[in-house]
Amino acid sequence: MNQNLLWVEKLKFNERDLIPAIAQDYRDGTVLMMAWMNSESIQKTLSTGEAHYLSRSRSQLWHKGATSGHIQKVKELFYDCDGDTILLKVDQIGEIACHTGARSCFFNAVQIYPQS
């Protein structure tokens, strides 16, 4: 394995060899989306500088924005303290990350009613 990719060995992939990846706007911190990655999509992301995920429904690599033009240029990549989640800080080209046409996939707000 490439010396620059030794950190990938620290990651904890699930039983399907996947790890959740959060895409966040590197400028304003907006959480844009969550997708799944495997070691191949991580390597492709690092080698191209653009986000690649694994499409679970198609069981293949997915270059974010390849058909829509709304690509994600990766500015920074982190993994969490447990090694079981990746955070991609991205420049979202076209300002649309969600397949619905929204900027973020997280637009469904839930009202919280705390009990006294």
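These values consider heavy atoms only, across backbone and side chains, with no hydrogens, waters or symmetry-generated copies. None of the values given here were measured: they were computed from a predicted structure.
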When rounded to the nearest 0.5 angstrom, what is the spacing between [atom1] in [X] and [atom2] in [Y]?
{"X": "L88", "Y": "M33", "atom1": "CG", "atom2": "CE", "result": "8.5 Å"}
{"X": "L18", "Y": "L11", "atom1": "CG", "atom2": "CG", "result": "12.0 Å"}
{"X": "S55", "Y": "H63", "atom1": "OG", "atom2": "NE2", "result": "14.5 Å"}
{"X": "F106", "Y": "M34", "atom1": "CZ", "atom2": "CE", "result": "8.0 Å"}
{"X": "C98", "Y": "H70", "atom1": "SG", "atom2": "NE2", "result": "11.0 Å"}
{"X": "S104", "Y": "Q92", "atom1": "OG", "atom2": "CD", "result": "10.0 Å"}

Non-hydrogen side-chain atoms of [X] and [Y] separated by less than 4.5 Å:
{"X": "W36", "Y": "D17", "result": "no"}
{"X": "D84", "Y": "N14", "result": "no"}
{"X": "K64", "Y": "I71", "result": "no"}
{"X": "N38", "Y": "I19", "result": "no"}
{"X": "K73", "Y": "I93", "result": "yes"}
{"X": "Y26", "Y": "D91", "result": "yes"}
{"X": "I86", "Y": "I22", "result": "no"}

Point to revise | Result of checking E50, E40, M37 against T45 for side chain to side chain contact (heavy atoms under 4.5 Å, CB included) | key: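 It is M37, the one option of E50, E40, M37 that forms the side chain to side chain contact (heavy atoms under 4.5 Å, CB included) with T45.
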Check your understanding: Can you check side chain to side chain contact (heavy atoms under 4.5 Å, CB included) on L77 and L87, steps first, answer last?
Key -> CA-CA 6 Å; L77 189 148; L87 173 65; over 6 Å; no
Check your understanding: Would D80 and K12 count as a salt bridge (Lys or Arg N to Asp or Glu O under 4.0 Å) if you check the C-alpha gap in whole Å, the side-chain angles of each, and the deciding distance to 0.1 Å?
Key -> CA-CA 10 Å; D80 75 339; K12 296 175 185 163; over 6 Å; no
Closest non-hydrogen atom pair between [X] and [Y], with its separation:
{"X": "A102", "Y": "I96", "answer": "O-CG2, 3.5 Å"}
{"X": "V74", "Y": "A51", "answer": "CG2-N, 3.8 Å"}
{"X": "S39", "Y": "F13", "answer": "N-CE2, 3.9 Å"}

Review point. How about W7 and Y79: are their ring centroids closer than 6.0 Å?
Key: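 Yes; Y79 has its ring centre under 6.0 Å from that of W7.
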Practice item. Using side chain to side chain donor-acceptor pair (under 3.5 Å) as the criterion, point out the one residue from K75, Q72, K89, R103 that pairs with D25. Key: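 One option only clears the test, and that one is R103.
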Exercise for review: Would you please test R27 and E76 for salt bridge (Lys or Arg N to Asp or Glu O under 4.0 Å) and show each step?
Suggested key: CA-CA 11 Å; R27 291 168 294 169; E76 297 178 294; over 6 Å; no
Exercise for review: Take R56 and R16 through the side chain to side chain contact (heavy atoms under 4.5 Å, CB included) test and state the conclusion after the steps.
Suggested key: CA-CA 10 Å; R56 293 182 303 164; R16 294 180 64 191; 4.2 Å; yes
Review point. Under a 4.5 Å side-chain heavy-atom rule over Ile, Leu, Val, Met, Phe, Trp and Tyr, are V8 and Y53 clustered together?
Key: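 Linked within one cluster.
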